[in-house]
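Here is the structure we will look at.
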Amino acid sequence: QVQLAESGGGLVQPGGSLRLSCAASGSIFSINVMGWYRQAPGKQRELVATITRGGSANYADYVKGRFTISRDNVKKTVYLQMNSLKLEDTAVYYCHANMWAVGTSGGMDYWGKGTLVTVSS
């Protein structure tokens with residue numbers, strides 16, 4: 001079974017840093033785009049950042065210059081380094097990947113269960 005598992009969330013003070021990780025597992029033929037989304041209480045899920053298999057990154061304006069997305073294709077893992085965290089960054093962060101599982105006909109979207117990031121003093 002193909003799945004994504006996030007780790008690294010927690011409580012951090014404003015201005016602090018956290019690093020999220022998301023590892024893909026299962027019978028995977030290939031992984032296309034990977035990314036991070038977040039959902040704050042009472043709000044819709046929104047894009048944080050995405051990264052292609054070749055390493056091209058895309059960021060939402062509200063995290064540019066503070067967050068960095070990266071991936072390790074060998075480890076099938078995507079990371080999100082979050083610096084200069086703000087109160088409004090508090091949310092559940094979800095990992096996403098478009099993956100081609102062995103035995104299927106093409107890429108499908110997969111989501112992790114989410115990891116909570118709380119920014120509070």
Side-chain angles (χ1 to χ4, degrees):
Q1 182 179 1
V2 175
Q3 57 185 0
L4 296 168
E6 303 102 334
S7 61
L11 174 64
V12 63
Q13 292 186 338
S17 297
L18 277 177
R19 188 190 194 210
L20 305 182
S21 300
C22 172
S25 62
S27 299
I28 300 168
F29 179 70
S30 68
I31 303 176
N32 303 312
V33 65
M34 303 184 82
W36 291 94
Y37 292 72
R38 69 187 186 186
Q39 187 167 17
K43 295 188 177 181
Q44 291 187 331
R45 190 174 298 189
E46 61 184 12
L47 169 73
V48 175
T50 61
I51 186 166
T52 66
R53 186 165 47 193
S56 295
N58 176 61
Y59 297 92
D61 287 343
Y62 36 82
V63 303
K64 278 182 181 177
R66 300 188 299 123
F67 292 8
T68 302
I69 190 171
S70 60
R71 65 189 279 175
D72 184 326
N73 291 330
V74 174
K75 293 183 178 179
K76 300 185 178 69
T77 300
V78 62
Y79 306 95
L80 185 69
Q81 177 67 42
M82 304 185 293
N83 299 328
S84 302
L85 282 160
K86 304 176 180 180
L87 296 175
E88 53 264 41
D89 293 319
T90 295
V92 177
Y93 283 71
Y94 295 92
C95 176
H96 165 267
N98 184 273
M99 298 189 286
W100 187 346
V102 173
T104 64
S105 58
M108 292 179 59
D109 290 326
Y110 293 85
W111 293 89
K113 294 181 179 180
T115 185
L116 178 62
V117 172
T118 303
V119 183
S120 175
S121 55

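Note that this is a predicted model, so its numbers are computed, not measured. Along the sequence shown, residues are numbered consecutively beginning with 1.
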Gap separating the [atom1] atom of [X] from the [atom2] atom of [Y], nearest 0.5 angstrom:
{"X": "Q13", "Y": "L85", "atom1": "CD", "atom2": "CG", "answer": "11.5 Å"}
{"X": "K86", "Y": "R66", "atom1": "NZ", "atom2": "CZ", "answer": "4.5 Å"}
{"X": "R19", "Y": "N83", "atom1": "CZ", "atom2": "CG", "answer": "11.0 Å"}
{"X": "K76", "Y": "C22", "atom1": "NZ", "atom2": "SG", "answer": "13.0 Å"}
{"X": "Q81", "Y": "L20", "atom1": "CD", "atom2": "CG", "answer": "9.0 Å"}
{"X": "L116", "Y": "T90", "atom1": "CG", "atom2": "OG1", "answer": "8.0 Å"}

Could you go through the side chain to side chain contact (heavy atoms under 4.5 Å, CB included) check for V117 and R38 one step at a time? CA-CA 9 Å; V117 172; R38 69 187 186 186; over 6 Å; no

Is it true that a side-chain atom of [X] and a backbone atom of [Y] form a donor plus acceptor pair closer than 3.5 Å?
{"X": "Y59", "Y": "I69", "value": "yes"}
{"X": "R71", "Y": "T52", "value": "yes"}
{"X": "E6", "Y": "G114", "value": "yes"}
{"X": "S120", "Y": "T118", "value": "no"}

Considering only NZ, NE, NH1 and NH2 on the basic side and carboxylate oxygens on the acidic side, decide whether K64 and D61 come within less than 4.0 Å.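 Looking at K64 and D61, the cut-off is met.
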
Whether over 12 other heavy atoms sit under 6.0 Å from Q44 CD: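 Open: at most 12 neighbouring heavy atoms sit under 6.0 Å from CD of Q44.
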
Pairs in or reaching into residues 74-104: which pass ring pair (Phe, Tyr, Trp, His ring centres under 6.0 Å), with residues at least two apart or in two chains?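 Passing the test, one end in residues 74-104: F29-W100, Y37-H96, H96-W111.
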
